[in-house]
Number of protein chains: 2
Amino acid sequence: MSDDLRRNMALFPIGIVMKLTDLTARQIRYYEQNDLIQPARTEGKQRLFSFNDVDRLLEIKALIEKGLNIAGIKQVLQMQEPALEQTEITTTSEEKRKDMSDKELHQLLRQQIMYRDATRHGEGALIRGELSRFFH
Amino acid sequence: MSDDLRRNMALFPIGIVMKLTDLTARQIRYYEQNDLIQPARTEGKQRLFSFNDVDRLLEIKALIEKGLNIAGIKQVLQMQEPALEQTEITTTSEEKRKDMSDKELHQLLRQQIMYRDATRHGEGALIRGELSRFFH
DNA sequence: AATAGATGTTAGATAATATTACACAGAAAG
DNA sequence: CTTTCTGTGTAATATTATCTAACATCTATT
């Protein structure tokens with residue numbers, strides 16, 4: 001329980017996240033601008049990232065390297081998001097989905113499967129696996 | 001193994017550490033000035049703290065609240081430091097020790113014992129215990 | 001009362017980040 | 001084969017965060 005708190009706690013400034021993810025500030029801000037991440041802010045409006053944010057950025061990076069564009073990444077990420085409120089789960093996800101053609105969706109799912117096959121090792125250890133990339 | 005890397009990795013600016021430890025910047029810098037901690041620095045000379053640094057600051061804070069002064073804290077911390085190089089362990093520690101009177105040392109040891117009794121729970125989980133204070 | 005230790009506070013300098021705008025290469029579309 | 005769109009680089013300027021150094025304040029000890 002406090003593990004969740006830990007991982008969601010806003011801790012890192014963008015400079016650290018750049019080193020951790022090997023992304024540029026420009027990229028990180030661009031992904032935020034396109035709603036792929038929503039880092040917290042200090043009083044002075046500076047971004048603060050959590051472990052989860054860093055994890056997500058690493059996923060984004062992996063998907064970018066697989067050739068996905070922002071729209072595709074957005075779909076993939078929202079698919080693997082845990083069920084939030086039990087109200088309107090279906091409506092929300094269906095609404096989002098209706099923006100894609102069948103072909104696009106199938107291609108996306110294929111790529112997502114490949115991605116998960118490549119990265120899945122231990123069940124709950126997926127997170128650990130992501131974080132371990134910090135230390136190369 | 002990479003756990004050690006993680007805990008020693010310089011990640012947090014002083015502003016975050018202030019919130020995490022509930023210490024002021026003044027205090028943190030003062031403790032550094034007195035060699036209780038040695039945080040890393042950015043190229044631009046700004047402090048960067050690791051999880052271990054934060055842990056240590058929490059220990060320092062606990063000792064301060066017990067009424068120890070800097071010299072006392074220094075002794076306690078260096079006692080619980082893991083054996084570093086096998087060369088000159090004895091000489092180094094004895095050199096440090098000879099600065100204290102017997103009375104001071106005994107008082108210190110008494111307090112240290114009380115401290116360890118109060119905080120010890122699971123063996124290697126001491127770190128976890130400390131870190132959990134972040135989330136009150 | 002005087003001293004020393006620990007912290008508060010302020011001032012000025014520097015580093016880190018924010019925002020915005022423009023540039024540009026490659027992919028996608030026409 | 002142009003044109004357009006996307007993702008990223010880069011530069012300028014403003015603001016925030018941190019740094020160091022100095023002086024002030026408070027407490028406990030002498």
Side-chain angles (χ1 to χ4, degrees), chain A residues 10-49 53-54 57 59-77 99-101 103-104 107-108 111, chain B residues 10-49 53-54 57 59-77 99-101 103-104 107-108 111:
Chain A
L11 294 174
F12 313 112
I14 200 170
I16 294 294
V17 176
M18 289 173 62
K19 291 178 193 162
L20 256 34
T21 62
D22 207 47
L23 293 167
T24 67
R26 181 66 166 97
Q27 287 177 296
I28 296 170
R29 297 188 188 117
Y30 184 73
Y31 302 151
E32 179 189 25
Q33 189 176 329
N34 286 87
D35 302 313
L36 298 186
I37 42 171
Q38 296 89 32
R41 298 277 184 144
T42 67
E43 257 190 43
K45 301 302 178 190
Q46 302 202 186
R47 271 165 270 253
L48 280 186
F49 299 80
D53 289 328
V54 177
L57 282 172
E59 294 188 57
I60 292 170
K61 189 190 177 192
L63 293 172
I64 286 277
E65 286 166 357
K66 280 190 185 300
L68 290 241
N69 62 9
I70 302 294
I73 296 174
K74 198 174 300 186
Q75 293 292 324
V76 171
L77 290 184
D99 290 334
M100 303 187 78
S101 73
K103 187 185 162 203
E104 285 171 328
Q107 175 189 349
L108 191 62
Q111 283 179 308
Chain B
L11 293 173
F12 313 112
I14 200 169
I16 294 294
V17 176
M18 290 173 61
K19 291 179 192 159
L20 256 33
T21 62
D22 207 47
L23 293 168
T24 66
R26 182 66 166 98
Q27 289 177 296
I28 296 170
R29 295 188 189 118
Y30 184 72
Y31 302 151
E32 178 189 24
Q33 188 176 331
N34 287 89
D35 302 313
L36 298 186
I37 43 170
Q38 297 88 33
R41 298 277 184 143
T42 68
E43 258 190 42
K45 303 300 177 190
Q46 301 203 188
R47 272 165 270 255
L48 280 186
F49 299 79
D53 289 328
V54 177
L57 283 172
E59 294 188 54
I60 292 171
K61 189 189 177 192
L63 293 172
I64 286 277
E65 285 166 355
K66 279 189 186 300
L68 289 238
N69 63 8
I70 302 294
I73 296 174
K74 198 175 299 187
Q75 293 292 323
V76 172
L77 289 184
D99 289 334
M100 301 187 79
S101 74
K103 186 185 162 203
E104 286 172 329
Q107 176 189 350
L108 191 64
Q111 284 180 306

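Convention: sequence-line order gives letters A, B, ...; per-chain numbering from 1.
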Qualifying residues under side-chain contact (heavy atoms from CB on, under 4.5 Å), relative to Ile64(A), sequence neighbours excluded: Tyr31(A), Ile60(A), Ile73(A)

Residues which pass side-chain contact (heavy atoms from CB on, under 4.5 Å) with Asn34(B), listed by chain and number, not counting sequence neighbours: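 side-chain contact (heavy atoms from CB on, under 4.5 Å) check on Asn34(B) returns Tyr30(B), Ile70(B).
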
Give the rounded distance in Å between these two atoms: [atom1] of [X] and [atom2] of [N].
| X | N | atom1 | atom2 | value |
| --- | --- | --- | --- | --- |
| Leu23(B) | dA6(C) | CG | P | 14 Å |
| Leu48(A) | dA18(C) | CG | C1' | 13 Å |
| Ile28(B) | dA17(D) | CD1 | P | 16 Å |
| Arg29(A) | dG7(D) | CZ | P | 18 Å |
| Lys66(B) | dA6(C) | NZ | C1' | 19 Å |
| Gln33(B) | dT20(D) | CD | P | 10 Å |
| Arg41(A) | dT15(D) | CZ | P | 16 Å |
| Leu63(A) | dG7(D) | CG | P | 13 Å |

Under 3.5 Å, which protein N or O atoms sit close to an N or O of nucleotides 27-30 of chain C? Give each pair with its distance.
none

With the criterion being N/O to N/O and under 3.5 Å, what pairs connect the protein with nucleotides 7-16 of chain C, and how long is each?
unit_1, atom_1, unit_2, atom_2, d
dT7(C), OP1, Gln27(B), NE2, 3.1
dT7(C), OP1, Tyr31(B), OH, 2.9
dT7(C), OP2, Tyr31(B), OH, 3.2
dT7(C), O4, Arg26(B), NH2, 2.9
dG8(C), OP2, Thr24(B), OG1, 2.7
dG8(C), N7, Arg26(B), NE, 3.2
dG8(C), O6, Arg26(B), NE, 3.2
dG8(C), O6, Arg26(B), NH2, 2.9
dT9(C), O4, Arg26(B), NE, 3.4
dA15(C), O4', Gln46(B), OE1, 3.4
dA16(C), OP1, Thr42(B), OG1, 2.9

Non-neighbouring partners of Thr24(A) that pass side-chain hydrogen bond (donor to acceptor under 3.5 Å, both in side chains), sequence neighbours left out: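 Once residues adjacent in sequence are excluded, the partners of Thr24(A) under the side-chain hydrogen bond (donor to acceptor under 3.5 Å, both in side chains) criterion are Gln27(A).
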
Locate the shortest heavy-atom distance separating [X] from [Y]; write the atom from each residue and the value.
| X | Y | result |
| --- | --- | --- |
| Leu23(B) | Lys61(B) | CD2-CG, 3.8 Å |
| Leu48(B) | Ile16(A) | CD1-CD1, 3.8 Å |
| Ile37(A) | Ile28(A) | CD1-O, 3.8 Å |
| Leu36(A) | Leu77(A) | O-CD1, 4.2 Å |

Nearest-nucleotide 5' precedence on DNA chain C, Glu32(A) against Asn69(B):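 Final value for this comparison: Asn69(B).
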
Qualifying residues under salt bridge (Lys or Arg N to Asp or Glu O under 4.0 Å), relative to Arg41(B), sequence neighbours excluded: Glu32(B)

Between CD on residue Gln75(A) and CG on residue Asn69(A), distance to nearest 0.5 Å: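 Gln75(A) atom CD to Asn69(A) atom CG measures 10.0 Å (nearest 0.5 Å).
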
Sugar-phosphate or base contact per nucleotide [nucleotides 25-30 of chain D; S, B, -; heavy atom under 4.0 Å]: ------

Residue that, paired with Leu11(A), satisfies side chain to side chain contact (heavy atoms under 4.5 Å, CB included) out of Val17(B), Leu20(B), Leu11(B):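 That would be Leu20(B); it is the only one of Val17(B), Leu20(B), Leu11(B) passing the side chain to side chain contact (heavy atoms under 4.5 Å, CB included) with Leu11(A).
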
Sugar-phosphate only, base, or nothing, as touched by Arg47(B) at under 4.0 Å among non-hydrogen atoms: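 Sugar-phosphate, backbone atoms only, no base.
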
For Phe49(A), ring pair (Phe, Tyr, Trp, His ring centres under 6.0 Å) partners two or more places apart: none

